[in-house]
Amino acid sequence: MVRTVAPHLIGRRIVSAEFTSRHVTPGDRAKLSKRLKDAVVQSVSRRGKFILLKLDSGVFTVHLGMTGKLLVSQNDMKARTPHTYGIFVLDQGVLLYDDPRQFGKIEWGSVRADRLGPEPLEIGLEEFVKRLKKHKSRIKPLLLNQKFLAGVGNIYADESLFSAGIHPLANASRLSPARAAALHQSIREVLAFAIRQGGSSISDYVDAEGNRGYFQIHHKVYGREGEPCAACGTPIRKIIVGQRGTHYCPRCQRR
DNA sequence: CTTAATGTTCCCCA
DNA sequence: TTGGGGAACATTAA
């Protein structure tokens, strides 16, 4: 999302910004609009799942939640939907925030550093193993814990565990050095490949230009309950772990 | 009508 | 203090 939205925003001046959801923009929405008005976008970056938009006057963050989308459009109000809860009119074009479930957030200020763990594509093996040892929890919920690693979500946790051959209920602190190393590598590979594929468009995810991703075609376990495992043919199993759907191959990922 | 969905936070309990 | 379980948030699609 950052990669596709950035070129449309950098150097742009926000002519006006309007917000219409008390869930997406909690607090004083008029105040947020006022802060953004006339600001110039200097950079668009990412920390974990938070999108950071740096302005000449400060920074604000966007989290897409489950169904949030940032969409750029030339022809301003035409791209609006019943679930457009943020409209940024720019000196060139508009940026829309669309989010049916309204689980996303748009807030003034940066992300508190102590809320997020290391970036999964930056952390080294040693540090990764050290952090694994500190947690007694099961590996699947730990991967979703943003303080452990910032940015891994449900699809990528399941796909990484399959790739590493690790059962989702395995005890994080008791993974063998070889398994821990395999997981470290699998997370890197899965994320890097998924990014190259433009993400997973399961239902309606699209990037800022409206393009779908293609990683869902390559899902080995996520959303494939009952289908034969690509590696061994055993039907993929789905269980609930920490209230999240968890997909794995009972043969390739032994307990 | 019921269930589950790309996420996070909060509360209760052990 | 940590971790598990559950609920909540709001909407849509199967």
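In this text, all values refer to a predicted model and were calculated from it rather than measured experimentally. Below, chains carry the letters A, B, ... as their sequence lines are ordered, and counting in each starts from 1.
Contact annotation for A/Ile202: no contact, since no heavy-atom pair falls under 4.0 Å across all strands. Nucleic acid contact class of A/Ser203 (heavy atoms, under 4.0 Å, all strands): base. No engagement by A/Asn171 is indicated, since no non-hydrogen atom pair under 4.0 Å with the nucleic acid exists.
Taking both residues in full, the closest heavy atoms of A/Asn154 and A/Lys140 are given as OD1-NZ, 2.7 Å, listed atom of the first, atom of the second, then distance.
In terms of position on DNA chain C, the residue among A/Val241 and A/Pro100 whose nearest nucleotide sits closer to the 5' end is A/Val241.
Atom CG of A/Leu143 is separated from atom P of B/dT8 by 13 Å (rounded to the nearest Å). With rounding to whole Å, A/Ile240 atom CD1 is found 15 Å from C/dG4 atom C1'. Atom OH of A/Tyr205 is separated from atom C1' of B/dA5 by 17 Å (rounded to the nearest Å). Straight-line distance from the CZ atom of A/Arg47 to the C1' atom of B/dT8: 16 Å, rounded to whole Å. If you take CZ of A/Phe148 and P of C/dT2, they are 15 Å apart, rounded to a whole angstrom. One atom, NZ of A/Lys147, and another, P of C/dT2, lie 8 Å apart when rounded to the nearest Å. In this structure, the CG atom of A/Leu169 is 14 Å from the C1' atom of C/dG3, given to the nearest Å. Between the OH atom of A/Tyr85 and the P atom of C/dC9 there is a distance of 16 Å, rounded to whole Å.
Residue ring and nucleobase are not stacked for A/Phe103 and B/dT8 under a centre distance beneath 5.5 angstrom and an angle between planes beneath 30°.
Side chains of A/Ile202 and A/Ile155 form a contact here, defined as non-hydrogen atoms less than 4.5 Å apart. Considering only heavy atoms from C-beta on, A/Arg35 stays 4.5 Å or farther from A/Ser57 through its side chain.
Side-chain nitrogen and oxygen atoms of A/Lys238 include at least one within less than 4.0 Å of the OP1 or OP2 phosphate oxygen of B/dA5. In this structure, A/Lys134 does not reach the C/dT2 phosphate: none of its side-chain N or O atoms is under 4.0 Å from OP1 or OP2. The side chain of A/Arg244 places an N or O atom within less than 4.0 Å of a non-bridging phosphate oxygen (OP1 or OP2) of B/dG7. Between A/Lys105 and the phosphate of B/dT8, there is no side-chain N or O to OP1/OP2 separation shorter than 4.0 Å. Note on A/Gln102: every side-chain N or O is 4.0 Å or more away from OP1 and OP2 of C/dC9. Of the side-chain N and O atoms in A/His83, none sit less than 4.0 angstrom from OP1 or OP2 of C/dA10. Distances shorter than 4.0 Å separate some side-chain N or O of A/Arg22 from OP1 or OP2 on C/dA10. In terms of phosphate contacts, A/His135 brings no side-chain nitrogen or oxygen within less than 4.0 Å of OP1 or OP2 of C/dT2. Proximity of A/His23 to the phosphate of C/dC9: no side-chain N or O atom is located under 4.0 Å from OP1 or OP2.
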- Message: Working note: A/Met1 + A/Val62, criterion side-chain contact (heavy atoms from CB on, under 4.5 Å); need CA distance, chi angles, decisive distance, verdict.
- Response: CA-CA 11 Å; A/Met1 189 63 91; A/Val62 176; over 6 Å; no
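In DNA chain C, runs of at least 3 consecutive Watson-Crick or G-U pairs, each pair with both distances below 3.5 Å, span B:2-5 with C:11-14, B:7-14 with C:2-9.
A salt bridge is absent between A/Asp114 and A/Lys147; no separation between the charged side-chain nitrogens and carboxylate oxygens falls under 4.0 Å.
Within a 6.0 Å sphere centred on CZ of A/Arg13, heavy atoms belonging to other residues, nucleotides or ligands number more than 12.
Outside the 6.0 Å centre-distance limit, the rings of A/Phe50 and A/Phe60 are not counted as a close aromatic pair.
In the hydrophobic clustering of ILVMFWY residues, with side-chain heavy atoms under 4.5 Å counting as a link, A/Val2 and A/Leu70 come out together. The hydrophobic cluster containing A/Leu121 does not contain A/Val129, counting ILVMFWY residues as joined when their side-chain heavy atoms lie under 4.5 angstrom apart, directly or transitively.
Comparing the P positions of B/dT2 and C/dA7 gives an interatomic distance of 16 Å, to the nearest angstrom. Taking atom P on both B/dT3 and C/dG6, the two are 15 Å apart, rounded to the nearest angstrom.
Side-chain proximity of A/Arg138 to B/dG7, C/dG4, C/dA10: nearest is C/dG4. For A/Gln243, taking side-chain heavy atoms from C-beta onward, the closest of the listed nucleotides C/dG6, B/dT9, B/dG7 is C/dG6.
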